[in-house]
Each structure stands twice: as C-alpha cells, then as structure tokens.
Trainee: 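Right, I'll just put the structure down here and ask away after.
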There are 2 protein chains.
Amino acid sequence: MNTTSRTEENYLKAIFQLCERSDEPIATNAIAQAMQTSAASVTDMIKKLSKKELVHYQKHKGVRLTDTGNSLATSLVRKHRLWETFLVKKLNFSWEEVHEIAEELEHIPSKKLINRLDDFLGNPKFDPHGDPIPDADGNFTFRKQISLPELAEGAEGILVGVQDDTMPFLQYLNKFNLTLGTKIKVIERFAYDDSTKIIINDEREQILTNKVCLNLFVKTISI
Amino acid sequence: MNTTSRTEENYLKAIFQLCERSDEPIATNAIAQAMQTSAASVTDMIKKLSKKELVHYQKHKGVRLTDTGNSLATSLVRKHRLWETFLVKKLNFSWEEVHEIAEELEHIPSKKLINRLDDFLGNPKFDPHGDPIPDADGNFTFRKQISLPELAEGAEGILVGVQDDTMPFLQYLNKFNLTLGTKIKVIERFAYDDSTKIIINDEREQILTNKVCLNLFVKTISI
DNA sequence: AAATATTTTTAGATTAGTCTAAAAATACTT
DNA sequence: AAGTATTTTTAGACTAATCTAAAAATATTT
Ligand SMILES: [Mn+2]
Ligand SMILES: [Mn+2]
Ligand SMILES: [Mn+2]
Ligand SMILES: [Mn+2]
C-alpha cells in the first residue's frame, strides 16, 4: 500500500524537525521525547517506516529520512504553515492560537486543496511565526537572519522570526507588542545578569532576558 | 471520556442522515449500507455509542440519536457544509469536487475555527448543493422548495437544490449548465417516456428524463 | 578492561475498529 | 401455525498503535 497513516505522518514530521539542524541520525529516544511516547513504540514505528522505505534504519544506529520520507515530511510542513497563515490572515486568529489547529489541518490529503489555498493566500513565503513555507516542489526560501544576541550594541534589526513558537513564549511577546515586523534597537547589554536593553519601534525601552533574546530572530537593517 | 473518535463521528452523521426523512428507528443494515461496512461492525459500534448515550438502542429494535448525539451530528453537518462553501466560494472548486474533501475537514474539532469560518463566509444559509447550513445553535433555515415534477406545465422555477449530490449527477448537470440559480420553465411533459421538456434561462430547450427531474429542487417564481 | 549507566530492542498485553461465519431473533409466506 | 427468508447479534480472529517490563546492546566511568 502506498498510503501513510496520520500516525506515520506525525512520526515523519517529528523526524524531519529533529533532522533540521543536525546531519546525525536521529536517536530513538529523541523521537520518543518529541512524540511524547515510549521508546518501545518508536522502535515499532521505525521498523514500519523502514519497511515502507520512508526512513533508513539500522538497529541501534538511529534513523534518517529517505528522499521519499523527506518529501512527504516537507509536504506536511507546507500544509501546516499554509494553514497557519490562513488562520491568521483570513480568520483573524492570533499567532499563538494556530499551531494546534494546524496540527489537525496538515493531515488533510488533497494536493489540489493545498495548492489552491497557497494561491488564495498569495503564495506567502513565511508563516505567522516567520518560518519558511516550502513551495509545491518542496523548496524553502531562506532568509539572512541572526538571533538577537548576535546583533551588535547600537545596531537595529527587524523581528522576522522566533525560535520557540509555543503558547507561553508567544503570549509573552504579545504583552510587549513584539510582533513580526517590529523594529528592535539594541541599546546596551548587561554582563551582570545577561540582560539586554532594547528600544521597540523607536518608542519604548524594554529589558529582555537572555532566554528571550535567544528566541528572537532579526534581519539587520542596512542604514 | 467525553471525546468522540472520527469513526464514531462518521456513524453519528450517517445515522443523522438516515433519520432526516423518517421518524422510524434506523435499522442496523441501513447503517451498514450507508457506511459501506458489515452489519456486525455496526452492531459493535451501536453498543459503544449507546454506552456513551449518543444513541437510544434496544436489541433488534433499531437505533435513534439522543439529543446529545443529534447535536453532535448537526455540528458535523455544519462543519461539512461550511467547508464545502469555503472550497467553492474562496478556492474556486466546482460543486462536484468538494464533498470528498469536506468529509475530511468536518472532523477538525475547533469550535472557534468553524465560527470564524462562518463569519468569513458571510454566514451563508445554504451550501453549494443548496442544502441548509445549521447555525452555531444547530438551527436550520428551511426554504419552500418543490421537486421539478411538482412544477406545473408552463410554470417557472429557480433551481435551488439537488437531491442527489454525487459526482456523476453533478457532472451531468454541469454539461447543461444547470447550476444553482438557473431559471427553469417546464414546457411539456411526455407520458410516453416520462420525460420533460424545459427551457433553461429563457434560452435553451432541453429534454430531461424523469430520473433527473426527481433530483432537482426548485423554488417557484411568483410572476 | 571491568563495572556501571544509559539507550534501544524485544516480549507480551491492551484497545479500537474491523472482518467472517454461525447462532438467534424477527418478518414474511404459504 | 409452521416453514422459510431476512435481519441482527454473537463469537472469535485480525491489524494498527500503543503500553510496561525485561533483555540486549552501547556508552561512560572508574
Ligand atoms: Mn506550528
Ligand atoms: Mn509556524
Ligand atoms: Mn457533502
Ligand atoms: Mn453539500
């Protein structure tokens, strides 16, 4: 059978996301943690995906996606991010509400549906959290971005993405009106507690902890 | 647990649709046929739904929805029809393509999502097949409509709905540009083969078989 | 290089949903 | 009213996905 169950899809997407930064094969335990399940269940599923040639797998050696697996996962990410964009742009959801709903919508199978949705939204390149949306062929648009701690003292940047896109962090950012597109100027860094003083949109001063700064991506402004 | 699985939802919707015309309890076999499954599976599921108090059930006496079951099924119909409307109105799908996709989308759980979608679409009262869309409280809008055979010779009507909304029939209607909103005038009925001669939009003559006429709902025009 | 700790796999059970075949109940004929 | 046909339920088995507990493999420490 050439069909993938919802569960298999969720595993593929989890593996894809764990792959994103490292070229290393992904450990069973890492997947278990990402999927909130037991290592035993992961081993079971890995065997199944391996038999379907969606992952490369050798016992005790970890797992990595095959080309088929990768393109399947990419298509899930595409669907997820397009639906998130739809929810924010057309249905006026806030950026912290959409992830959960998109987790469901990403499993709707129709290719035609997702391509029509893409067109309807004007073929957006980035989702509400600043993450790139792969096109119908699976190509991502990359953007020159740095995390806030890399921005020099005195320099300015535009907030274009977040590392952490969970509810609590996004709600925290809402409190300070730190939405995508906001201008951030780094005023001063304090070695004492690793905090950073910034100015938001040339208006308001704000102190950010290092934990927050590490989760913000900015695009530098060439003045 | 107060949660309904996708499978349970599909059974509830099937029972709801079988209930629509008759007040009689629904037979196991009828459900089996609607769900394309075995009578044994239906009995299993009925027991489960009965334990959850979503249906009233006595052995060999058939099944009917409880109030909870009914409102759950109504909410599914609402979601199905709103998504169908979205697909046609916003994503330019044709009316015969949307049912299959809506069968998936109707299981997306968020109440907020569906209410936002409803607003986004301008709170439509009828779906692309002319079927009424229940509002958030489960109330349907009824419309005075008759099937084409009930329209008197010489009288005119507007096509507002179809009885059969399967692919083959809708594609058949497409061939003659018989879309919702089309004006139909009954010219003559032929007893010989039970066929009917109509004029479409004051322009084109057409012969329809009785089978087709029975599947068309019109609203009479008061001249 | 042994001993210990951690990770991964296997073994065996469980639950939801399905199936076929047989038994039981109900409905229809004569 | 008895016999036949149909419908419905039960019994028992299967698959996908999960779990816990134990065994095996690998990694880390001494
Ligand atoms: Mn997301
Ligand atoms: Mn996102
Ligand atoms: Mn439909
Ligand atoms: Mn419809």
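Per chain, numbering begins at 1; letters A, B, ... match sequence-line order. The figures here come from the full heavy-atom set of this structure, side chains too, leaving out hydrogens, waters and symmetry mates.
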Trainee: Nearest-Å distance, CD (B:E9) to P (C:dA16)?
Mentor: 16 Å
Trainee: Would you confirm whether B:R143, through its side chain, and B:K219, through its main-chain N or O, come within 3.5 Å as a donor-acceptor pair?
Mentor: no
Trainee: Quickly work out the B:I31 CD1 to D:dT9 C1' distance and round it to whole Å.
Mentor: 14 Å
Trainee: Without decimals, in angstroms, what is the distance between B:E24 CD and D:dT7 P?
Mentor: 16 Å
Trainee: Is any side-chain N or O of B:Y11 closer than 4.0 Å to OP1 or OP2 of C:dT18?
Mentor: yes
Trainee: Quick one: is D:dT18 close enough that its OP1 or OP2 comes under 4.0 Å of any side-chain N or O from A:S41?
Mentor: no
Trainee: Listed by chain and number, what are the salt bridge (charged side-chain N to carboxylate O under 4.0 Å, His left out) partners of A:D118, not counting sequence neighbours?
Mentor: A:R78
Trainee: So what does A:K61 touch, heavy atoms closer than 4.0 Å: a base, only the sugar-phosphate, or nothing?
Mentor: nothing
Trainee: If you only use heavy atoms from C-beta on, which nucleotide in C:dT18, D:dT10, D:dT18 is closest to the side chain of B:M45?
Mentor: C:dT18
Trainee: Check the phosphate of C:dA16 against B:S5, side-chain N and O only, distance under 4.0 Å to OP1 or OP2. Yes or no?
Mentor: no
Trainee: Let me know, please, whether A:E8 or A:H60 comes out on the 5' side of the other along DNA chain D by nearest nucleotide.
Mentor: A:E8
Trainee: Quick one: sort the B:F120 and B:F86 rings into parallel, tilted or perpendicular, breaks at 30° and 60°.
Mentor: tilted
Trainee: At under 4.0 Å, does any side-chain N or O of B:Y57 touch on OP1 or OP2 of D:dT8?
Mentor: no
Trainee: In whole Å, I'd like the distance from the CG atom of A:N10 to the P atom of D:dT18.
Mentor: 9 Å
Trainee: Please state whether the phosphate of C:dT6, meaning OP1 or OP2, lies under 4.0 angstrom from any side-chain nitrogen or oxygen of A:N29.
Mentor: no
Trainee: Name the orientation class of the two ring planes belonging to B:Y172 and B:F176 (parallel below 30°, tilted from 30 to 60°, perpendicular beyond 60°).
Mentor: perpendicular
Trainee: Side chain of A:S38 only, please: which of D:dT9, D:dC19, D:dT18 is the nearest?
Mentor: D:dC19
Trainee: Looking only at side-chain atoms of B:T7, point me to the closest of D:dT20, C:dT18, C:dT8.
Mentor: C:dT18
Trainee: Could you state the atom-to-atom distance from CD of B:Q33 to C1' of D:dT7 in whole Å?
Mentor: 13 Å
Trainee: Looking at C:dA11, D:dT26, D:dT9, which one has an atom nearest to any side-chain atom of B:T28?
Mentor: D:dT9
Trainee: Of the nucleotides D:dT8, D:dC19, C:dT7, which one has an atom closest to the side chain of A:D44?
Mentor: D:dC19
Trainee: In whole Å, what is the span from the CD1 atom of B:I46 to the P atom of C:dT18?
Mentor: 13 Å
Trainee: Could A:K13 and A:E106 be called an ion pair, given the rule that one side-chain N must be under 4.0 Å from one carboxylate O?
Mentor: yes
Trainee: Can you tell me how far P of D:dT7 sits from CD1 of B:I26, to the nearest Å?
Mentor: 15 Å
Trainee: Over how many whole Å does the gap from B:M35 atom CE to D:dT8 atom C1' extend?
Mentor: 17 Å
Trainee: Kindly state each residue pair satisfying ring pair (Phe, Tyr, Trp, His ring centres under 6.0 Å) with at least one member in residues 44-80 of chain B, sequence neighbours excluded.
Mentor: B:H80-B:H99
Trainee: Answer yes or no: does a side-chain N or O of B:K59 lie under 4.0 Å from OP1 or OP2 of C:dA24?
Mentor: no
Trainee: As a test of reading the structure: which of C:dC19, C:dA11, D:dT8 is closest to the side chain of A:A40, going by heavy atoms?
Mentor: C:dA11
